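By convention in this document, chain letters (A, B, ...) are assigned in the order of the sequence lines, proteins followed by strands, and residues within each chain are numbered from 1. Nothing here was measured: the structure is a model prediction, and the numbers come from that model.
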Number of protein chains: 2
Amino acid sequence: MNKVMFNLKNEKIPRATITRLALYVQQLEALEQKGEKVISSEKLAQECGVNPSQIRKDLAYFGEFGVRGVGYYIYELKEAIKKSLGLDRVWNVVLVGVGNLGRALLRHNVLRKRGFVIVGAFDCDPFKIGEEVAGLEVFCSSTLPDKIQELNAEIGIITTPPERAQRAANYLIKGGIKGIVNFAPTRISAPENIVVEYVDFINHLFSTAFQISLNQSKGLYI
Amino acid sequence: MNKVMFNLKNEKIPRATITRLALYVQQLEALEQKGEKVISSEKLAQECGVNPSQIRKDLAYFGEFGVRGVGYYIYELKEAIKKSLGLDRVWNVVLVGVGNLGRALLRHNVLRKRGFVIVGAFDCDPFKIGEEVAGLEVFCSSTLPDKIQELNAEIGIITTPPERAQRAANYLIKGGIKGIVNFAPTRISAPENIVVEYVDFINHLFSTAFQISLNQSKGLYI
DNA sequence: ATGATAGTGTGAAATTTTTAACAAATACTT
DNA sequence: AAGTATTTGTTAAAAATTTCACACTATCAT
Ligand SMILES: NC(=O)c1ccc[n+]([C@@H]2O[C@H](COP(=O)([O-])OP(=O)(O)OC[C@H]3O[C@@H](n4cnc5c(N)ncnc54)[C@H](O)[C@@H]3O)[C@@H](O)[C@H]2O)c1
Ligand SMILES: NC(=O)c1ccc[n+]([C@@H]2O[C@H](COP(=O)([O-])OP(=O)(O)OC[C@H]3O[C@@H](n4cnc5c(N)ncnc54)[C@H](O)[C@@H]3O)[C@@H](O)[C@H]2O)c1
């Protein structure tokens with residue numbers, strides 16, 4: 001289910017580590033904004049709700065970023081993590097499916113702040129083609145293969161209905177995309193060398209409902 | 001980081017199992033729509049991109065739903081999973097923060113199809129209060145405590161900016177909410193007996209970028 | 001300097017999660 | 001009715017991940 005990832009020493013890196021690194025970056029940024037300069041794994045762990053050793057272990061995959069007896073310099077750690085993940089540059093992204101979710105993402109400037117710039121928006125609905133959303137003209141999705149090259153995009157986000165996700169993926173693949181983030185609740189097939197990630201929030205609602213049911217059966221709410 | 005969950009036999013249930021169960025439900029529904037009646041763990045595993053034993057193990061936490069030598073009856077398995085997770089009923093949900101993402105979720109009827117009905121939308125922006133989105137009037141978020149009771153809501157979705165997430169959470173908690181799904185990229189504090197789930201897609205983009213970088217360093221795209 | 005305190009990096013231990021293997025149960029065939 | 005095919009549920013083994021524990025380094029106070 002999960003892709004296997006390696007660092008430069010060719011150690012396998014748990015998928016969970018990547019997820020946590022993203023969390024650390026966010027927390028580090030928040031700390032930076034508060035004017036903090038240094039933080040210990042203990043404190044950062046508290047902020048993130050994880051175990052301190054976990055943080056040190058996660059970081060150890062990529063190098064030594066801390067100072068013993070002191071902690072981590074916040075700015076430097078944040079940059080080090082980003083560099084380790086290949087986020088020390090801009091990634092051009094195209095988005096396919098300018099519906100409710102697609103629009104939300106297009107207007108979401110946190111992506112840009114993180115180095116992901118949406119450079120093209122595509123849809124197949126003639127009513128949507130030509131429209132302008134968040135400063136981008138919506139193009140016909142059949143032009144994707146050419147546009148991907150032209151825009152120099154490496155990542156494609158799919159926000160079409162599930163039954164159209166494979167078609168959208170095919171266009172992206174044809175255009176030479178390197179990675180796909182699929183928000184439609186369906187699996188897609190792609191050549192081995194193309195990275196495919198699935199985003200699905202429904203499981204968080206499932207999980208919440210389940211845990212509430214458990215709490216309820218324990219009489220936690222009476 | 002992850003909540004510990006138990007089944008009725010008081011076995012600990014991996015968080016990953018819950019995520020996969022959500023995936024199975026989705027695939028089973030897709031199969032049902034194709035008119036299929038029965039499926040083996042082998043086939044379902046293929047569809048979901050997981051190991052067949054994994055599926056059988058995941059299901060074993062909750063009971064015996066298959067028939068040896070035959071497989072699983074699709075409709076029955078789907079219902080059994082949903083029942084196991086407490087999804088055999090409707091969950092009333094309120095949403096706080098009617099911005100880009102909040103609107104997308106309000107208009108997203110897949111939630112309703114899965115038994116999560118958004119019964120109230122709240123914002124603090126006077127320009128948004130009174131507006132109608134997806135058939136719901138937007139209310140002032142300070143009225144949340146009362147409205148939660150009135151609407152009989154058990155789950156709250158937070159889609160405010162991160163710096164407002166705690167405030168939104170406080171309103172929800174005051175109203176006696178049982179679970180919170182937080183889309184804002186920040187941790188929130190809540191009493192022990194309130195379930196809190198964090199949704200964060202940025203990690204999927206991080207992960208995609210990282211994997212592409214790795215592939216690139218392996219010369220996979222030349 | 002010296003000692004006390006704080007806090008990283010890491011190998012080993014503990015725990016969790018996944019995968020494999022197979023006995024038990026069903027259906028189908030002759 | 002016996003034999004063969006399948007395919008589950010479950011136990012055991014393997015693999016992966018998390019946590020612990022502590023040597024080692026830096027800083028600060030005296
Ligand atoms: N809205 C949400 O909050 C939300 C949440 C989670 C997941 N999702 C998933 O995201 C996807 C989009 O959801 P939505 O609510 O935005 O749906 P939507 O119907 O509002 O938008 C889908 C868009 O995709 C376009 N489209 C369809 N086929 C296409 C194709 N082949 N090429 C290009 N564009 C195409 C449609 O014209 C439409 O504009 C769905 O798969 C949904 O399940 C949505
Ligand atoms: N837009 C996306 O695609 C996207 C994706 C991932 C995560 N997020 C996260 O989701 C959250 C919302 O994103 P958005 O793009 O919709 O932002 P947005 O600014 O469009 O919407 C935020 C809404 O919250 C309201 N709000 C602010 N404080 C509030 C309070 N105390 N009570 C009630 N309402 C309040 C605002 O009035 C506004 O309507 C952010 O935290 C963002 O990081 C958004």
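Rounded to an integer number of Å, the gap from NZ of K57(B) to P of dT10(D) is 10 Å. In this structure, the CG atom of N51(B) is 12 Å from the P atom of dT8(D), given to the nearest Å. Rounded to whole Å, the distance from OH on Y73(B) to P on dT26(C) is 11 Å.
A donor N or O paired with an acceptor N or O is not found under 3.5 Å between the base of dG7(C) and the side-chain atoms of R68(A).
Distances shorter than 4.0 Å separate some side-chain N or O of Y72(A) from OP1 or OP2 on dG9(C). Within the 4.0 Å cut-off from OP1 or OP2 of dT18(D), at least one side-chain nitrogen or oxygen of R20(A) is found. For S41(B) and dT8(D), the shortest distance from a side-chain N or O to OP1 or OP2 is below 4.0 Å. Within the 4.0 Å cut-off from OP1 or OP2 of dT16(C), at least one side-chain nitrogen or oxygen of K12(B) is found.
When both pairing distances are held under 3.5 Å, dA5(D) makes no Watson-Crick or G-U pair with any nucleotide shown. Nucleotide dT26(C) has no partner under the Watson-Crick or G-U criteria, as no pair reaches both atom distances under 3.5 Å.
Atom CG of L31(B) is separated from atom CD1 of I39(B) by 4.5 Å, given to the nearest 0.5 angstrom. For the atom pair CD1 (I202(A)) and CZ (F116(B)), the distance works out to 6.0 Å, reported to the nearest 0.5 Å. The CG atom of D88(A) lies 9.0 Å from the NZ atom of K82(A); values are rounded to the nearest 0.5 Å.
Each of S40(A) and P14(B) lies near DNA chain C, and the nucleotide nearest S40(A) is the one positioned closer to the 5' end.
The listed nucleotides are dA26(D), dT10(D), dT8(C); the one nearest the side chain of A60(B) is dT10(D). Distances from the side chain of V67(A) to the nucleotides dT18(C), dA26(D), dT18(D) place dA26(D) closest. With dA20(C), dT19(D), dA27(C) as the candidates, the nucleotide lying closest to the side chain of V70(B) is dA27(C).
Between N170(A) and the options K174(A), Q166(A), R167(A), a side-chain hydrogen bond (donor to acceptor under 3.5 Å, both in side chains) holds for only Q166(A).
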